[in-house]
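See below for the structure under consideration.
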There are 2 protein chains.
Amino acid sequence: MEQHQPVCKAHTRRERRDARENRQRLLEAAKQLFAAQGVAATTMKEIGHAAGVGPGTLYRHFADKGELCRALIKDDIAVFQARVGARIEAEASGSPLARLDILLTTRVEILEAHLPLFAAIDEALAGPRHTGRVRGPFDSWVHDQTVQLLGEALATGEVALLDPVLTADTILAAVSPPLYRYQRHTCGYSRERIIAGLRRLFVDGLRQLPIADSPT
Amino acid sequence: MEQHQPVCKAHTRRERRDARENRQRLLEAAKQLFAAQGVAATTMKEIGHAAGVGPGTLYRHFADKGELCRALIKDDIAVFQARVGARIEAEASGSPLARLDILLTTRVEILEAHLPLFAAIDEALAGPRHTGRVRGPFDSWVHDQTVQLLGEALATGEVALLDPVLTADTILAAVSPPLYRYQRHTCGYSRERIIAGLRRLFVDGLRQLPIADSPT
DNA sequence: CAATTATACGGAGCAGGCTCCGCTTGTCAA
DNA sequence: TTGACAAGCGGAGCCTGCTCCGTATAATTG
């Protein structure tokens with residue numbers, strides 16, 4: 001856990017002690033309640049109550065339920081980013097698509113590790129309040145990485161005739177928490193099967209190029 | 001507009017006159033309000049009020065906002081299904097992937113025609129009330145068609161090493177209303193660009209087969 | 001034309017996410 | 001130490017989707 005506010009810059013007041021304590025207690029309460037009864041079944045009011053804090057205070061710390069969830073896995077996400085960075089770095093000599101494969105596989109790993117939280121984050125973002133559809137910072141990062149790798153693949157000629165940004169959108173949708181949850185829990189597919197499907201579509205499927213004529 | 005209830009079977013009572021009138025008035029009111037101020041900005045209470053009907057009655061006719069939206073485009077969807085059926089039929093001699101191409105293209109057409117309603121439908125389905133994640137009947141139909149075509153493509157050897165059901169899930173996610181809206185409105189991509197991207201991934205990208213070794 | 005009854009109506013009211021705003025309190029500068 | 005004030009707190013309450021249930025009524029049956 002790191003500090004929330006970088007804090008103590010020039011003429012900026014430090015975060016108040018009680019504020020930090022409340023934040024900590026809220027996170028703790030949320031973690032426990034989520035574990036005990038599931039994310040969806042836990043209301044914000046409950047969390048506030050368990051932490052001995054009013055709703056107003058809760059929302060001062062976390063703009064919405066999604067942000068609370070995000071805060072709970074912030075550290076794991078940082079680890080994820082570091083690990084992917086390292087793996088991709090180590091593979092720098094390899095092909096861009098091989099690195100995309102790593103990105104996808106690792107993404108599925110962390111998805112698997114925190115599915116309910118990720119799903120809740122997405123749900124909050126999809127709600128009527130966020131009509132603008134802003135992607136969370138983590139998804140933005142994955143998106144950027146993907147665009148980067150696809151761009152490199154284009155440059156090296158590993159793939160051809162591709163729209164990197166658009167394709168990255170699609171790939172992100174394919175590893176979105178709601179879809180993954182549906183495939184895992186409703187359909188009962190194994191993690192390996194899903195990864196294989198992703199690889200078939202977005203790694204192997206992209207590799208060759210002799211793009212022939214396609215109908216109309 | 002067709003009847004809601006096939007009605008009048010053996011010993012089943014006919015739908016009451018006032019009920020049908022109310023339903024009609026609700027649909028009319030919804031259509032007008034949606035057109036005037038957008039789907040998201042229109043509350044169920046407003047619709048009921050405009051139709052001179054209480055919330056209870058409203059929900060007797062439409063289980064949720066999504067179902068109301070679905071009822072509004074029911075006819076267009078029927079037309080869509082017929083048209084796709086015809087086009088695919090006409091192309092029966094062509095390759096399965098060519099037919100998949102038709103399915104995707106036509107799907108984007110109807111998406112384009114009713115984006116706000118489709119988006120609202122998806123939103124309602126994604127809400128916390130429907131944790132089970134049931135796909136609507138229309139999406140189920142598209143999914144089934146896709147599985148069917150992919151299966152044929154496998155049989156004819158046009159594609160190889162593919163998981164039809166899983167792949168259909170992914171394709172459906174790629175043409176889901178929220179993603180499409182995001183790409184069209186937030187990113188500003190043209191319809192053609194999106195279609196090209198879909199084609200590249202799910203038609204051309206699937207066609208060849210010399211699946212080589214893939215990392216790890 | 002009743003009498004019966006499944007069907008439908010209305011609206012009070014619930015739940016859950018989130019906001020508004022007046023009061024309190026920790027922090028810092030003097 | 002103390003005064004000033006930004007930062008923080010709490011909870012009443014809003015909004016919206018949706019439900020429950022007592023009452024009203026159209027259709028059917030005798």
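So that the names make sense, note that chain A is the first sequence line, chain B the second, and so on, each numbered from 1.
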[X] has an atom [atom1]; how far is it from atom [atom2] of [N], in whole Å?
X     : N      : atom1 : atom2 : answer
B/H61 : C/dG10 : NE2   : C1'   : 12 Å
B/Q24 : C/dA8  : CD    : P     : 15 Å
A/R25 : D/dG8  : CZ    : P     : 15 Å
B/H49 : D/dC15 : NE2   : P     : 16 Å
B/R60 : C/dG11 : CZ    : C1'   : 15 Å
A/Q37 : C/dG16 : CD    : P     : 10 Å
A/R14 : C/dA29 : CZ    : P     : 11 Å
A/E67 : C/dG17 : CD    : P     : 15 Å

Subject >> N-O pairing of A/D64 and A/R129 below 4.0 Å >> reply: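 No, this pair does not count.
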Original post:
Could B/R23 and B/D18 be called an ion pair, given the rule that one side-chain N must be under 4.0 Å from one carboxylate O?
Top reply: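 Here B/R23 does not pair with B/D18 in a salt bridge, since their nearest N and O are not under 4.0 Å apart.
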Side-chain touch [X]/[Y], heavy atoms, less than 4.5 angstrom:
X      : Y      : answer
B/Q183 : A/L166 : yes
B/K45  : B/L58  : no
A/Y189 : B/D169 : yes
A/V142 : A/T146 : yes

**OP:** Give the C-alpha distance, both sets of side-chain angles, the deciding distance and a yes or no for side chain to side chain donor-acceptor pair (under 3.5 Å) between B/E28 and B/Q24.
**Re:** CA-CA 6 Å; B/E28 201 54 44; B/Q24 222 38 53; 5.5 Å; no
Original post:
Any chance the side chains of B/H61 and B/N22 put a donor and an acceptor closer than 3.5 Å?
Top reply: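 B/H61 vs B/N22: no donor-acceptor pair found between side chains.
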Output a table of donor-acceptor pairs, distance under 3.5 Å, between side-chain atoms of residues 172-181 of chain B and any protein atom two or more places apart or on a different chain; print 'none' if there are none.
from   : atom 1 : to     : atom 2 : distance (Å)
B/S176 : OG     : B/A173 : O      : 3.0
B/Y180 : OH     : B/E112 : OE1    : 2.4

Look for any protein N or O under 3.5 Å of an N or O in nucleotides 17-20 of chain D and output each such pair with its distance, or none.
from   : atom 1 : to    : atom 2 : distance (Å)
D/dG17 : OP1    : B/K65 : NZ     : 3.3
D/dG17 : OP2    : B/M44 : N      : 3.0
D/dC18 : OP2    : B/Y59 : OH     : 3.4
D/dC18 : OP2    : B/K65 : N      : 3.2

Could you go through nucleotides 24-26 of chain D and list every protein N or O atom that sits under 3.5 Å from one of its N or O atoms, giving the distance for each pair?
from   : atom 1 : to    : atom 2 : distance (Å)
D/dT25 : O2     : B/R16 : NH1    : 2.8

Original post:
OP1 or OP2 of D/dG8 less than 4.0 angstrom from a side-chain nitrogen or oxygen of A/N22, does that happen here?
Top reply: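 So the side chain of A/N22 is outside the cut-off, no N or O lying under 4.0 Å from OP1 or OP2 of D/dG8.
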**OP:** From the options D/dG10, C/dA8, D/dG8, select the nucleotide whose nearest atom is closest to the side chain of B/A19.
**Re:**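 Out of D/dG10, C/dA8, D/dG8, the nucleotide with an atom closest to B/A19's side chain is C/dA8.
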